[in-house]
Amino acid sequence: MSVLIVLFLTAILVLFSGVFEKGKYARYIGILGLIIGLATSFLPDCEFFAQYKSMYEYSYNAELFTKISVAVTLLLFFLGGFAFSNHRSHQSELYALMLFALCGGIVLFGFQNLVTLFIGIEILSIPLYVMAGANKTDLRSTEASMKYFLMGAFATGFLLFGVALVYGSAGSFDLYEIHDFAYNNPKNLMLIMGAILMLSALAFKVSLAPFHMWSPDVYQGAPSLITAFMASVVKISGFFALFKLMTIAFGGIAGDWINILGVFIILTLLLANVMGLVQTNAKRMLAYSSVSHAGYIALIFFGINNFSTYILGYYLFAYSLATVGVFISLIWVEKIKKETSFTAFNGLGKREPLLAVVSTISMLSMAGIPLTAGFIGKLGIFNQAIGGHYEFLVLVAVLGSALSIAYYLRLIIAIFFYKEDNFHNTERASITYNIVSVVIILALVSMGIVPDLFAKIFGL
């Protein structure tokens, strides 16, 4: 919880820094706070917070996912100077909202109680509704904000209805008391309905089909850096919350919801990858890519073993790094050309070779090509599912992964094999963007060759 306090205070400082020089120093304060928060996450939590253990516990797993989220957010903050260049008048608010959303994610990593779960989801979600509409002069951004808010409110209704049913049956909000009740009363219809409603609500948060319809429009309309934050940090938070809730609280009635989740996965993998093939806009393609990865990640529920949480953390970190790697190029291209169509990337390999390389390696990692971190992540999840005798789901996932290669290759071909035709701006990528690109390239390749590097990075 010490990390949560550090980041919350950083968010307050960043917010009020907008009073001075139009928030000129907001990003630097945020970066400093994130570095301190990341360092704090490697230290034992303060004993003072042990009294709140029934609501929030900074456990081993919470520590791992907190480190991953803070590290990814730090990378995104380094990209913020250029990405938010047209938001100078309110950049401090955007950085502060990102930090507040991150605080919500950290609450989700340690929740022990359904009330804490709800609070964490709302702290995570409400800043996102605002950030999605940050491009005030762009109608698509306004549309994204309204769609996300309305759909999010609808999902919150599902969540609260589910919580009410669970409390009505188990008589408690505590995860472990619900766990005991579920094992002793596996046929309790009210508990089962509550679990399914909560599963549906969190499926919305992580973009599992058929609750994914908001993703393409919101991802395309929101500022690109915010989209990258939603596709990485928000997905990390949502998936760990879903994993923790369903495996601890509702593990005793897994037979009643696991098949429903399997249907969600099949719909997600087939629908998202097929829709990704027909996209002409890189940002929408990445939105469907994000949806498809939700399907791969959800396989973690099948064949659960002692290494499942580690595999989940590895996959989410590899995927988040790859997401940031692709968005480095997308942010730069969008700023220079004012569009994100596939043709906008023509000639990027010649103009900005480092950005082109990091995007290519990132997309190869997303596709699960060997010698990348994404390959190891998918291998771990597929191997676990096969061990649990869910070969059919793995077969669907492999088919979806094969389809995804086609739309990733379309963007790679545009970057390297089409002639530069409309790069009229002479602006070059900053040294910050190049450094972040090198870090991501090294991380994705190194983790693909030496998988244990993930454990060493986060002190496991």
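The first residue of the sequence shown is numbered 1, and numbering continues consecutively from there. What you see below is based on every heavy atom in this structure, not just the backbone, and it leaves out hydrogens, waters and symmetry mates.
With 3.5 Å as the limit, one finds a donor-acceptor pair spanning the side chains of Lys205 and Ser125. Under 3.5 Å, the side chains of Glu57 and Ser59 contain no donor-acceptor pair of N or O atoms. A donor atom on one side chain and an acceptor atom on the other are not found under 3.5 Å apart for Ser2 and Tyr58. With 3.5 Å as the limit, one finds a donor-acceptor pair spanning the side chains of Gln384 and Ser308.
Glu334 has no carboxylate O lying under 4.0 Å from a charged side-chain N of Lys338, or vice versa, which leaves the two without a salt bridge.
Residue Ile123 comes nearest to Cys103 through the heavy atom pair CG2-C, 4.4 Å, listed as atom of the first residue, atom of the second, then distance.
Annotation: cation-pi geometry satisfied between Lys67 and Phe42 (NZ/CZ under 6.0 angstrom from ring centroid, within 45° of ring axis).
Ring-plane geometry between His293 and Tyr296 is classed as perpendicular, the angle between the planes exceeding 60 degrees on a 0 to 90 degree scale with a lower cut at 30. Ring geometry for Phe317 versus Phe458: interplanar angle over 60°, hence perpendicular rather than tilted (30 to 60°). Note: Tyr148 and Tyr129 have perpendicular aromatic rings, judged against thresholds of 30 and 60 degrees for the angle between ring planes.
Identified under the side-chain hydrogen bond (donor to acceptor under 3.5 Å, both in side chains) test for residues 210-222, with sequence neighbours left out: Lys147-Asp217, Ser207-Ser215, Asp217-Arg284, Tyr219-Ser290, Gln220-Arg284.
Within the 6.0 Å centre-distance limit, the rings of Phe454 and Tyr310 are counted as a close aromatic pair. Proximity of the aromatic rings of Phe301 and Phe243 is defined here by a centroid distance below 6.0 angstrom, and this criterion is met.
Going from atom CZ of Phe154 over to atom CG of Leu159 covers 13.0 Å, rounded to the nearest 0.5 Å.
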